[in-house]
Amino acid sequence: MSLTVALRRLTVLALTLAFSASTLATPEPTDAQRQAAAEVAESLRYSHYADVSLGNQWSRQAFQRFLDILDSQRAYLLESDVAEFRHLETRMDDVLYDGELEAIYALYDRYQERLESRLEWILARLEAGLDFTFESDDRLEIDRDEAPWAASEAELDELWRKRLKNAALTQLLAGQDEAQMHDNLHQRYEGQLNRLRQTNGDDVFGLFMAAVTSTIDPHTEYFSPRQGESFDIQMRLSLEGIGALLQAEGEYVKVSSLVPGGPADKSGLLAPADRIIAVGQGDDDEGEMVNVVGMRLDEVVDMIRGPKGSVVRLDVVPAQAVDMTRSRIIEITRDTVALEDQAASREIIELSRDGEPHRIGVIRIPTFYVDFDAWQAGESNYRSTTRDVARLVRELKDEGVDGIVLDLRNNGGGALHEANSLIGLFIDRGPTVQVRDARGRISLYGDTESGTLYDGPLAVLVNRLSASASEIFAGAIQDYGRGLVLGNRTFGKGTVQTLNDLSHGQIKLTRAKFYRISGESTQHRGVDPDILFPSLIDPEVIGESSLDNALAWDQVRAVQYRNYGEPWRFIEALRAGHQERIGEHPNFIYLQSQAELARELREHQTSVSLNRERRQQELEAQEARQLALENARREALGLELLEDWVDARGNDEEDDTPVDRAEVEESAEILLDYARLMTQGGEARLSHNDR
């Protein structure tokens with residue numbers, strides 16, 4: 001036995017002894033948690049938007065949800081463990097109402113016992129030295145959320161032999177030598193074990209509450225006192241960090257969205273659906289990279305937070321990567337997000353038709369904001385989305401633009417009042433959105449000021465990350481026939497939440513639902529654009545429809561409103577012109593091809609090879625296809641070709657026509673087509689020269 005291995009074994013033994021006392025003191029439910037459970041039950045039953053019935057059917061769903069939260073990949077619990085607690089399947093409602101949490105805690109204790117034993121088993125294997133040859137025909141199933149529970153420990157041993165082999169192979173293929181691989185895996189699993197042994201009662205109660213609330217809808221959540229403080233900080237926008245919203249996805253932490261104007265957004269190095277596998281502090285390898293695979297989400301968030309001006313390093317696997325080995329380390333300087341960073345901005349795009357110059361104005365609206373402090377203080381010149389956009393519209397009108405594109409891509413919403421008042425710049429009074437509460441009562445909101453600021457050709461550009469207030473705005477513009485909606489189907493967040501205090505913690509509760517003036521909900525389906533662009537954002541991964549138990553789409557009665565135009569009369573001609581342009585446009589060809597490839601890989605990549613040579617071949621073949629698509633785009637644009645697909649992101653300094661820029665310019669082309677059609681006596685066709 002080598003000295004290194006001997007020392008490692010002594011370290012594991014010391015840790016085991018050090019934590020043995022804490023493992024005996026298993027968490028137990030408190031009276032405060034029992035009371036909070038009953039309050040959550042009452043809130044769901046009587047205050048949630050949906051007609052919630054906490055009966056046997058719900059109990060079965062909640063029991064399954066709790067198991068999924070504990071062991072989604074069926075990797076720790078045995079079939080016999082689940083059977084022993086199967087009586088909870090029809091009693092989860094009683095547990096909640098009566099605060100009878102003992103059985104819930106007992107089930108968690110069993111899970112923790114299995115997980116602790118498994119982590120010790122893994123560490124023992126690592127201490128003994130891995131002897132994998134990576135020459136077999138073994139394959140590891142990627143997603144086991146529908147797999148049956150294992151009948152024996154031996155069955156789980158075989159699963160974990162493959163999982164550990166895959167973890168080792170992933171490290172080796174990422175360029176680590178065997179010593180580094182052992183150290184990285186040892187750090188990962190030892191860290192998981194240490195954190196597991198620090199679990200407290202609020203942690204267990206929080207997991208149970210997550211199962212309870214997420215069976216109702218994905219936006220209803222329980223916050224422990226500690227989580228509530230963190231949520232308040234985020235709502236005040238005083239949090240210093242990188243400006244990324246994160247969510248847990250299995251063992252990994254995934255980027256769900258970026259805060260407009262935040263450090264991550266400005267860097268261009270991080271994107272939605274990226275996975276973060278390690279975090280380090282300081283630049284130039286100043287601090288070690290800490291593996292965060294399997295780490296709790298709140299702990300990862302705490303590691304990424306930090307004082308303004310400091311640097312955090314992230315080891316990131318891009319969303320489009322087909323293998324976890326394809327990561328790259330990025331550096332982002334932490335900062336606060338100022339109002340100025342999220343303010344609307346404008347530009348003019350110069351176009352030419354039949355040798356004549358044309359100008360289309362573009363206004364970028366990252367979020368719907370208002371300076372509440374200045375507003376409440378009665379200041380006359382407070383900043384807001386509507387005020388800023390109004391000023392920019394006047395400037396564009398003075399410069400004689402032929403039309404205006406409002407760019408709402410990645411706009412996750414904000415102040416509903418601002419969305420309503422912004423619509424008022426483009427219509428002459430009228431309803432903008434319907435809001436239905438839990439009792440079925442509908443409130444109508446709209447623009448009450450007469451007159452319009454701009455009545456010329458208008459288009460709204462959206463994508464999958466345009467949500468909430470953005471969807472209300474785009475839907476109203478579409479319903480009124482006031483302009484075109486271009487881009488991708490929006491997120492589909494059509495619900496309203498309120499935060500209520502409990503005796504122990506808080507609950508964020510879905511209380512109402514948005515409806516367009518046409519009567520259609522924006523929930524789940526979002527807003528469909530009049531002309532659809534291809535997208536690299538996978539709707540199976542990002543969006544309301546990708547979330548478990550999202551409330552369904554439905555309709556209410558339409559309200560009376562006037563039509564400002566009939567853009568649908570021109571859609572066929574506009575689509576024809578659009579298709580003719582993008583058929584030869586390198587960026588749109590790339591978008592369409594990458595989207596199709598990502599869909600193909602998602603549908604067929606259900607397992608990975610544990611044979612090193614075959615895994616390398618599969619990886620190289622897949623990335624060769626991705627690299628070919630990227631280099632075809634770059635060659636057509638006259639850019640330097642890449643040798644490695646992973647280098648594609650953040651390597652476009654010389655690219656003055658990136659993919660997101662191409663979408664803006666094509667939107668301007670479509671709007672110019674629309675403007676010309678409207679001035680041609682309403683004849684819904686374009687000549688070849690017009691296109």
Side-chain angles (χ1 to χ4, degrees), residues 167-168 170-177 179-192 194-195 230 233-234 239-321 323-337 341 642-653:
T170 298
Q171 295 283 325
L172 294 173
L173 289 174
Q176 305 292 318
D177 60 31
Q180 291 172 315
M181 176 265 288
H182 275 85
D183 287 343
N184 287 342
L185 294 182
H186 196 278
Q187 179 196 85
R188 175 193 303 185
Y189 295 114
E190 188 177 71
Q192 288 184 31
N194 291 344
R195 289 187 296 273
S230 178
I233 291 172
Q234 293 182 56
L239 178 65
E240 292 181 348
I242 65 171
L245 302 181
L246 308 178
Q247 67 182 75
E249 185 177 72
E251 291 185 313
Y252 297 99
V253 170
K254 183 179 77 173
V255 178
S256 59
S257 63
L258 302 180
V259 177
D265 181 38
K266 289 180 177 179
S267 75
L269 299 174
L270 203 62
D274 284 355
R275 288 147 290 180
I276 299 172
I277 61 175
V279 179
Q281 308 300 328
D283 54 5
D284 299 326
D285 300 327
E286 180 180 325
E288 68 170 332
M289 298 295 294
V290 178
N291 191 292
V292 298
V293 177
M295 189 178 290
R296 281 178 17 176
L297 177 62
D298 58 346
E299 293 179 336
V300 179
V301 170
D302 286 342
M303 291 175 65
I304 295 176
R305 288 176 181 169
K308 178 179 179 179
S310 62
V311 174
V312 64
R313 284 178 291 122
L314 306 176
D315 195 0
V316 176
V317 179
Q320 304 301 320
D323 196 288
M324 295 305 293
T325 64
R326 308 307 287 160
S327 68
R328 65 194 298 253
I329 295 178
I330 64 174
E331 294 183 0
I332 299 177
T333 301
R334 299 179 177 102
D335 201 354
T336 53
V337 181
D341 295 324
L642 301 178
E643 295 183 1
D644 193 324
W645 170 77
V646 176
D647 295 331
R649 187 181 298 172
N651 196 18
D652 283 339
E653 293 85 358

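Computation of the quantities below employed the complete heavy-atom set of this structure, encompassing side-chain atoms and omitting hydrogens, waters and symmetry-equivalent molecules.
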J.: Considering only heavy atoms from C-beta outward, does the side chain of Leu314 approach that of Ile242 to under 4.5 Å?
T.: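 Side-chain contact under 4.5 Å: yes.
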
J.: Among all residues two or more places apart in sequence or in another chain, which pass the side-chain contact (heavy atoms from CB on, under 4.5 Å) test with Gln192?
T.: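 Leu119, Arg188, Tyr189, Arg195.
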
J.: Looking only at heavy atoms, what is the nearest atom pair of Val317 and Ser327, with distance?
T.: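 Scanning both residues completely, I find the closest heavy atoms to be CG2-CB, 3.8 Å.
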
J.: Test your reading of the model: is there a side-chain donor-acceptor pair from Glu299 to the backbone of Val292, 3.5 Å cut-off?
T.: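 Checked: no pair found.
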
J.: Looking only at heavy atoms, what is the nearest atom pair of Arg313 and Met289, with distance?
T.: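 Closest pair (atom of Arg313, atom of Met289, distance): NH1-SD, 3.1 Å.
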
J.: Nearest 0.5 angstrom please: Glu190 CD to Asp183 CG, how far?
T.: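 Here the interatomic distance stands at 10.5 Å.
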
J.: Are Ile304 and Ile276 side-chain neighbours, meaning at least one heavy-atom pair lies under 4.5 Å?
T.: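 In contact.
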
J.: Would you give the length of the straight line joining atom CG of Asp335 to atom OG of Ser310, rounded to the nearest 0.5 angstrom?
T.: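 Nearest 0.5 Å value for the CG-OG distance: 9.5 Å.
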
J.: Answer yes or no: is there a donor N or O on one side and an acceptor on the other, between the side chain of Ser256 and the main chain of Leu245, under 3.5 Å?
T.: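 Indeed, once roles are kept as given, a pair shorter than 3.5 Å links the two residues.
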
J.: Taking Asn291 for the side chain and Ala278 for the main chain, is one N or O donor matched with an acceptor at less than 3.5 Å?
T.: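 Pair absent, no side-chain N/O of Asn291 close to backbone of Ala278.
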
J.: Which heavy atom in Gln281 sits nearest to a heavy atom in Val279, and how many Å separate them?
T.: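 For Gln281 and Val279, the tightest heavy-atom pair comes out as NE2-CG1, 3.8 Å.
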
J.: Checking side-chain contact (heavy atoms from CB on, under 4.5 Å) for the pair Val253/Leu297: CA distance, chi angles, key distance, verdict?
T.: CA-CA 7 Å; Val253 170; Leu297 177 62; 4.0 Å; yes

J.: State, to 0.1 Å, how close Pro263 and Gly241 come at their nearest heavy-atom pair, and which atoms those are.
T.: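 For Pro263 versus Gly241, the nearest heavy atoms are CG-O, 3.6 Å.
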
J.: Are the side chain of Arg275 and the backbone of Pro318 linked by a donor-acceptor contact shorter than 3.5 Å?
T.: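 Present.
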
J.: Under a 4.5 Å cut-off applied to non-hydrogen side-chain atoms, are Arg334 and Val312 in contact?
T.: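 They are in contact (side-chain heavy atoms under 4.5 Å apart), so the answer is yes.
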
J.: Mind listing the closest non-hydrogen atom pair of Leu270 and Ala264 along with its distance?
T.: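 Heavy atoms of Leu270 and Ala264 come nearest at CD2-CB, 4.1 Å.
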
J.: Between NZ of Lys266 and CG of Leu258, what distance do you get to the nearest 0.5 Å?
T.: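 Taking NZ in Lys266 and CG in Leu258, the distance rounds to 13.0 Å.
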
J.: Donor-acceptor check, side chain of Gln187 to backbone of Asn184, threshold 3.5 angstrom: yes or no?
T.: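 The answer is no, because no donor-acceptor pair under 3.5 Å joins these two groups.
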
J.: If you measure from CD1 on Ile277 to OG1 on Thr170, what distance do you get to the nearest 0.5 Å?
T.: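 Separation between the atoms: 9.0 Å.
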
J.: A side-chain contact here means heavy atoms from C-beta on lying under 4.5 Å apart; do Arg328 and Leu269 qualify?
T.: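 When only atoms from C-beta onward are counted, Leu269 and Arg328 do touch, with a gap below 4.5 Å.
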
